[in-house]
Amino acid sequence: MRKLIAAINQTLDGFCDHTHALADAELHDHYTELLKSSGTLLYGRVTYQMMESFWPTLVKNPSGEKDMDDFANAIQNIEKVVFSNTLKSVSWENSRLAIKSIEQEVRELKKGTGKDIAAGSPSMIAALTKLNLIDEYQLCIHPVIAGSGLVLFKNLSEKVTLKLIKTKTFQSTGAVIHYYNPI
């Protein structure tokens, strides 16, 4: 059975906004390795479109920064499953629209063989948390106070208890990934 990993960047005050993350070579290298150890990446429409608007361009026209170019290639090559009620098609290489419900699609993916599954957008992580489908959370907390933005676990009405299994500190920025398993 494949493991489902929820991985996302947050500010100290709990907001998910990539513009507030302290993205450097160390962080990009970490997420490149996560993508390489995963076989599928789950996205909601908003995050998919944001990522699609940038990373394929970098694959075609590399930046010359190894960490950025490596991440661009890793995200290009992974299977991306997009959950949307409004998109009719997707064009990014190795992407497809989910045709089943989130629960049905993810349960089938988890039953399959192969590498882990990663969820990388706030809407997906919140929905998968509600469905109790996440096997591991990797919450990267950046030493930034944003003041406002998108809350990761909005609209959750039930308490979810997690067990801290390890942490990883990025020396260059002070960001810390907290690895949790659901109890």
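Note that these values count all heavy atoms, side chains included, but never hydrogens, waters or copies made by symmetry. Everything quoted here is computed from the prediction, not taken from an experiment. Quick note: residue numbers are just sequence positions, from 1.
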Problem set entry | H20 ring center near F15 ring center (under 6.0 Å) | no

Whether the [X] and [Y] side chains hold a donor-acceptor pair (N or O, under 3.5 Å, no angle test) is what I'd like checked.
| X | Y | value |
| --- | --- | --- |
| K168 | H178 | no |
| H18 | N9 | no |
| S84 | Y48 | no |
| R45 | S121 | no |
| E79 | S38 | no |
| S63 | D69 | yes |

Exercise. Are F83 and I8 joined in one hydrophobic group, where the rule is that I, L, V, M, F, W and Y side chains link up if heavy atoms are under 4.5 Å apart?
Worked result: yes

Exercise. L27 versus C140: any side-chain heavy-atom pair under 4.5 Å?
Worked result: yes

Salt bridge or not for [X] and [Y], using N-O below 4.0 Å?
| X | Y | result |
| --- | --- | --- |
| D135 | K110 | yes |
| E105 | R96 | yes |
| K80 | E93 | no |

For [X] against [Y], the heavy-atom pair lying closest together:
| X | Y | value |
| --- | --- | --- |
| L34 | A7 | CD2-CB, 3.5 Å |
| A126 | L152 | CB-O, 3.6 Å |
| Q10 | C16 | CG-SG, 3.7 Å |

Problem set entry | Residue pair I177, T169: steps toward the side-chain contact (heavy atoms from CB on, under 4.5 Å) verdict | CA-CA 6 Å; I177 297 182; T169 302; over 6 Å; no

For this session: Check the angle between the aromatic planes of W55 and H28 and answer parallel, tilted or perpendicular using the 30° and 60° thresholds.
Result: perpendicular

